[in-house]
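Below, read A as the first sequence line, B as the second, and so on, with proteins coming before strands; counting in each chain starts at 1.
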Amino acid sequence: MEGLRNDGRRWNELRRIHCQLSTSGSSADGSAYVEQGFTKVLCTVTGPAEPGNRQRVRGDGATVSCEVYFAAFSGTDRIKRGRNDKKVQELQTSVQKTFASVILTHLLSRSEITISLHILSQDGGTLAACVNATTLALIDAGIPLADYVCACTAGQPAVAVGNGGDGGEEPDPYLDVNYLEESDIPSLTVATVGGGEKVVVVSMESRVRIERLEAMLAVAVSGCARVREIMDKEVRRYGKEKLEGTGE
Amino acid sequence: MPPPTPLSPPELSYLYTSLALSPPIRPDLRTSFQFRPIVAECSFLPHCNGSSRICMAEAGECIVGVKAEVEKDATSKYATVIERDKWIEVSVEVAGGGASGPGSGVGVGGISGAGGAAGKDEGDGGAAVWLKEGLLAGGAGILDRLVISKGWHWKLYIDVLLLTPTSHPPPLLLSAATNMALDSTFLPKLISPHDVDDIPAFSDDWGISVPLYEPSTFPRPPMSLPVIAVGDNVFLDPSVAEIAAAEVGLVVTLTLADAEGHCDIVGVRGMEVGRGGGKEGERKGISRKLLRQMVGACVREAGDVIKGLGESTRQQMFRA
């Protein structure tokens, strides 16, 4: 079991990512479903549409709003989270701010884009899965984006005990932490635009030594690039399937 | 209030006339008793004892998660019998489509509203109420299955998540999803003795977990079918437009009684419909013969529908 994590992965391995576009049929303009390990998120996008509220009309660009729903059955214990729950609000704000900056809103002035996220199952990396699902749903809705926004998490495990006692080498950061790791070790979530190194979101809720931050960021960013590849592959596959379907 | 439709009075009148013809013409050319296709999945949520997702063309998408928790029976001398209906908690949540959408994200019809006026309404507050009502109605026998051992029982939380913003949860969608989720619900196997009132112990092995509804035993979980009548014609699985043009509507809750597909009626409720051929505010009564026809149609056709759903559930269950 040397060097393996509690779910049998190596430090730089992602969990299984499964994504699907257009899951909700005609009830939304765009929808996507993302599974990262046991974290499962469903996203639907409505818009660009006429804003329901006058205050949301902006002459110079589209308004992006976001709603997050935690299903009561999403965790191990049944917890109902209301609209004003701190965790819900925080997630809502981070997704909303991220996509307000990545969507080419100036092309869609005087309109509103609504993102609703349903968290069906939580197993670490909720924010990352939400960001990935939103990107795919926006692509499905045909909303112009600067590039894919891909998110991934990384965590820093503590120095392994009984390592010869030299206390020398720090262990490598873990890529894509699951729930057990997330509650055990400090971890951060990073989202990048495109597969490159343009970071749009960094979120971290625990303390870590400053020297380790660089390594964690690097691992998370490389994870984002891999997530992008997986998402891009699915988008292309879906696009091809759609085109072949309409060609006949 | 019936669900709002974008149809104008002339359109409604046209629809009414074509539905009242003999033989009737439905807008999507279905036959009277034909159902629309659905997408149904189950057992896909690892944190739930049972889960399902159903997609319907018009009604939208619905996800149900069933969670079971071990609970001690209420200790009061007489309470055990009285409190049994609290063993199941149903809640229906409708996601808002933007802050402006109808029913914007507020949990409609948590079972708390059961006693109030909302409970009488087929719409908003009623959804959770009639879902639970169907489950508890005689013959379903679900409460007996929730007994673990002396003094202990399972508390079942059924959370229905309607992803399409609407103030009128479609009964077929909600009940089909609940039916499927319950059908795929598994509870851990009890390994401590039945007749001891210590804290019960369960096996960790999901491979030997017990299904809440043992396959091929009857009755099965209930299902509610909407049915409408226009003139002398009866239609199953009506679309929103058809409901707006209907004269009378019912939601019939049924449960499968045997393997051949015979059904027992568990409940019948009125459904709000449009104004049919009459004027706004006018409502015609319904003859006993027509009522009989409507319920009869449900009983006849429901067997195949429930059986079909059950088969697809069994194919997808984590333990086939």
Side-chain angles (χ1 to χ4, degrees), chain A residues 18 20 22-29 31 33 35 37-40 42-47 49-56 63-84 88 92 111-123 178-179, chain B residues 36-39 41 43-71 89-102 104-107 110 112 155-166 170 173 181 185:
Chain A
H18 168 78
Q20 231 178 313
S22 243
T23 47
S24 293
S26 55
S27 57
D29 293 306
S31 52
Y33 175 67
E35 284 180 9
F38 282 150
T39 303
K40 306 185 180 197
L42 202 131
C43 178
T44 55
V45 166
T46 354
E50 177 86 28
N53 186 336
R54 281 271 153 170
Q55 289 173 335
R56 293 172 191 252
T63 326
V64 179
S65 50
C66 177
E67 286 162 358
V68 173
Y69 302 91
F70 276 91
F73 47 76
S74 61
T76 323
D77 297 315
R78 182 176 181 274
I79 304 167
K80 277 202 134 177
R81 286 183 194 277
R83 308 224 68 205
N84 298 320
V88 174
Q92 234 158 260
S111 60
E112 186 183 7
I113 296 162
T114 313
I115 300 163
S116 37
L117 286 158
H118 294 268
I119 294 149
L120 304 177
S121 172
Q122 304 177 61
D123 186 33
N178 62 23
Y179 178 74
Chain B
R36 290 170 288 183
I38 63 169
V39 178
E41 283 181 289
S43 300
F44 65 103
L45 295 178
H47 291 304
C48 291
N49 292 77
S51 55
S52 72
R53 165 178 172 267
I54 298 228
C55 252
M56 288 185 184
E58 188 184 61
E61 192 174 358
C62 178
I63 290 176
V64 177
V66 178
K67 250 178 164 14
E69 279 174 17
V70 178
E71 203 179 56
E89 198 175 308
V90 183
S91 95
V92 178
E93 195 168 332
V94 183
S100 57
S104 26
V106 279
S112 55
K155 171 132 190 182
L156 215 57
Y157 292 97
I158 304 174
D159 286 287
V160 183
L161 207 70
L162 191 60
L163 302 186
T164 333
T166 170
L173 179 65
T185 296

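Counting heavy-atom pairs closer than 4.5 Å to chain B, the top-ranked of the candidates A:Leu120, A:Thr44, A:Ile115 is A:Leu120.
Remark: B:Phe44 CZ to A:Glu35 CD distance equals 9.0 Å, nearest 0.5 Å. Here the straight-line distance linking atom CG of B:Leu163 with atom NE2 of A:His118 works out to 4.5 Å at 0.5 Å rounding. Within the model, atoms CG of A:Asp77 and CD of B:Glu69 stand 6.5 Å from one another, a figure rounded to the nearest 0.5 Å. Taking CD of B:Glu89 as the reference point, atom CZ of A:Arg78 lies at 5.0 Å (rounded to 0.5 Å).
Looking at B:Val160, neither its backbone nor its side chain comes within 4.5 Å of chain A, counting heavy atoms on both sides. Only the side chain of A:Tyr33 comes within contact range of chain B, with heavy atoms under 4.5 Å apart. For chain B, the nearby parts of A:Thr76 are the backbone and the side chain; heavy atoms of each come within less than 4.5 Å.
Here the closest non-hydrogen pair linking B:Cys55 and A:Ser24 is SG-CA, 4.5 Å. Of all heavy-atom pairs spanning B:His47 and A:Gly75, the tightest one is CB-O, 3.4 Å. Of all non-hydrogen atoms in B:Arg53 and A:Thr23, the two that sit nearest each other are NH2-O, 2.9 Å.
Checking side-chain atoms of B:Lys67 against main-chain N and O of A:Ser74 turns up no donor-acceptor pair under 3.5 Å.
Side-chain contact between B:Leu45 and A:Phe73: present, with at least one pair of heavy atoms (C-beta onward) separated by less than 4.5 Å. B:Glu61 is listed as a side-chain neighbour of A:Leu42, based on a closest heavy-atom distance under 4.5 Å.
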